[in-house]
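Notes to accompany the following structure.
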Amino acid sequence: MSALAGGFTDAPVEAARAFRGIMEAMARPGRIEMVAGAVPPAPLSPAAGAVLLTLCDPETPLHLAGETDCSPVRDWVTFHCGAPLVAAEAAAFALGDWAALQPVSRFAIGTPDYPDRSATLIVEMPELLAEGAVLRGPGIADTAALNLPEIEAFQANRRLFPLGFDVLFTSGNRVAALPRSTEVG
Amino acid sequence: MTDYNFAYLDEQTKRMIRRAILKALAVPGYQVPFASREMPMPYGWGTGGVQVSAAVLTPEDRMKVIDQGADDTTNAVSIRQFFEKTAGVATTTQTAEASVIQTRHRIPETPLTEGQILVYQVPIPEPLRFLEPRETETRKMHALEEYGLMHVRLYEDIARHGHIATSYAYPVRIEGRYVMDPSPIPKFDNPKMEMAAIQLFGAGREQRIYALPPHTKVVSLDFDDHPFEASKPDVPCALCGAVDAYLDEVITDDAGGRMFVCSDTDHCERRRAAGHRGPVAEEDAA
């Protein structure tokens, strides 16, 4: 597939719809939302592609981890987003499966003055299920559940609050989120 | 419609605002800096709220805009028309029908539900600004959770007036961490901020976005012996008789005549349509 294909066909409208899904996911940790419209090259999921098209541009240094750091993905990202590809420490966004992103302590967690200057991880998952780790915190009325790849790293991240990284999980055309504010039990 | 990009702003600007919104949701109550754009309306007319709305709107949305609770004031009408023209979205004045509600200084009386988004227009996002004018210092105070000055301000109210006289823009603490300015909503609305909808705050001139995810814990600052009270005029609405809605004082003549009516026009209209009558409406009928 050519790197020129697979972007949004109607960018303003499709990005708006994709962002609504991503925002609902970030506002309600554990909630699984649909995001569509992107056809990125393998091994990226359509959801990860839509997240990149919606959020990344020349202003957002991107780290490609593991299998995602291949020439079809690099070419596709460069053409459609124009995001500079960087090392983990300098990244505003990082993409890969959970194993490839280790150690996650490399990523920016913001500063006490500017906690927003932290990385957002886009974690590719085999599947997303509303079961497993129990989630509590802002955005959750009582409790929620999500099949997190592990628990300890997210508990450690929560202890850094208001610092910490934020995570978008993608699988197929589905996205879920785990902001730093969520308590994982 | 085709003369504009969808929702007026260019795509790179929307991506920048969208990234700020996500960080704001991840750190509830923290003010995320963003590169606010000039909008085709003056500062003070809701440029922050308009930019946030433009970044979250989809073509499927139905939008409502209120100014001090009213759907029919200049600010509300012009912003509603702005998005009808630039985003082609449907609009409504009914709270329950709207998916995105942009507001200046009120939270609707009808409880908001999941799936709705409330966008606030914020003039001064920094709750500590009138206590400490330097941005470098207020930023440090937030970083260190140094909020004693805010309690001193409320205490000075008590020392001077016998009670906490702050009646709008009443400071709140979010999830026990950040002190936040709820924008100049009356303190009557503060308890409503723990809601099922997403709340986004946009300050255009001051270039800040902050947010509250649904069900976020919002506590109005107070003292054990002077607990927070969500006050309002102690009379029913003159038109619909509501006793639990926030009221505006309307001067009716130059001889001291006045009446109190619901500030939420949609709430008042629906109550009157359902047959509720207040004191003035009953006199008119008689």
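Lettering of chains follows the sequences in order, A, B, ..., and the numbering in each one begins at 1.
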Exercise. Which heavy-atom pair separates A:Met23 from B:Leu22 by the least distance, and what is that distance?
Worked result: CA-CD2, 3.9 Å

Problem set entry | Nearest heavy atoms of A:Ala27 and B:Pro214, plus distance in Å | O-CD, 3.3 Å

Problem set entry | B:Lys23 side-chain N/O to A:Ser118 backbone N/O, donor-acceptor pair under 3.5 Å | yes

Exercise. Can you tell which of A:Gly164, A:Ala92, A:Gly139, A:Pro112 has the highest number of heavy-atom pairs within less than 4.5 Å of chain B?
Worked result: A:Gly139

For this session: Walk me through it: do B:Met16 and A:Leu55 pass the test side chain to side chain contact (heavy atoms under 4.5 Å, CB included)?
Result: CA-CA 8 Å; B:Met16 173 270 296; A:Leu55 298 176; over 6 Å; no

For this session: Indicate the atoms forming the closest heavy-atom contact of A:Phe19 with B:Ala55, along with that distance.
Result: CD2-O, 3.6 Å

Exercise. At a heavy-atom separation under 4.5 Å, does A:Phe93 approach chain B through its side chain, its backbone, both, or neither?
Worked result: side chain

Problem set entry | Engaged part of A:Ile22 at the chain B interface, taking heavy atoms whose separation is under 4.5 Å | both

Exercise. So B:Phe6 and A:Asp10, side chain to side chain contact (heavy atoms under 4.5 Å, CB included) or not? Walk me through it.
Worked result: CA-CA 10 Å; B:Phe6 174 72; A:Asp10 183 2; over 6 Å; no

Problem set entry | Contact origin within B:Val218 toward chain A - heavy atom pairs under 4.5 Å | neither

Exercise. So what's closer than 4.5 Å to chain A heavy atoms on B:Ala211: side chain, backbone, both or neither?
Worked result: neither

For this session: Counting only heavy atoms closer than 4.5 Å, note whether A:Thr111 contacts chain B via side chain, backbone, both or neither.
Result: neither

Problem set entry | Residue among B:Leu9, B:Ile21, B:Thr58 with most heavy-atom pairs under 4.5 Å to chain A | B:Thr58

Problem set entry | Close side-chain approach of A:Pro162 to B:Tyr30, heavy-atom, < 4.5 Å | no

Exercise. Less than 4.5 Å apart, any side-chain heavy atom of A:Pro138 and any of B:Leu212?
Worked result: no

Exercise. Hey, which of B:Lys140, B:Lys217, B:His142, B:Glu60 has the most heavy atom pairs under 4.5 Å with chain A?
Worked result: B:Glu60

Exercise. Should we say atom CD of B:Glu146 is surrounded by more than 12 heavy atoms from elsewhere, each under 6.0 Å from it?
Worked result: no

Problem set entry | Least distance between heavy atoms, B:Gln12 atom then A:Pro58 atom | NE2-CD, 4.4 Å

Problem set entry | Evaluation steps, side chain to side chain contact (heavy atoms under 4.5 Å, CB included), between B:Ile117 and A:Arg20 | CA-CA 10 Å; B:Ile117 298 168; A:Arg20 178 62 64 85; 3.6 Å; yes

Seminar exercise, completed: Tightest non-hydrogen contact, residues A:Asp166 and B:Ala26, listed as OD1-CB, 3.3 Å

For this session: Answer whether the closest heavy-atom distance between the side chains of B:Val27 and A:Phe161 falls below 4.5 Å.
Result: yes

Problem set entry | Pairs of heavy atoms under 4.5 Å with chain B: top-ranked of A:Ala11, A:Ala141, A:Gly137 | A:Ala141

Problem set entry | Electrostatic pair B:Arg139:A:Asp113 at N-O distance under 4.0 angstrom | no

Exercise. Say you draw a straight line from CG of A:Asp116 to CZ of B:Arg19; how long is it, rounded to the nearest 0.5 Å?
Worked result: 11.5 Å

Problem set entry | Heavy-atom side-chain contact between B:Tyr4 and A:Pro12 under 4.5 Å | no

Problem set entry | Within 6.0 angstrom of A:Gln102 CD, more than 12 heavy atoms from elsewhere | yes

For this session: Let me know if B:Asp10 has heavy atoms under 4.5 Å from chain A in its side chain, its backbone, both or neither.
Result: neither

Problem set entry | Proximal component of B:Ile209, with respect to chain A [non-hydrogen, under 4.5 Å] | neither

Exercise. With a 4.5 Å limit on heavy-atom distance, are the side chains of B:Arg15 and A:Glu59 in contact?
Worked result: no

Seminar exercise, completed: Looking only at heavy atoms, the pair that brings B:Pro28 and A:Ser181 closest together is CD-CB, 4.3 Å

Problem set entry | B:Arg177 versus chain A, the contacting section by heavy-atom distance below 4.5 Å | side chain

For this session: Drop me the distance from A:Thr54's OG1 to B:Glu11's CD, to the nearest 0.5 angstrom.
Result: 9.5 Å

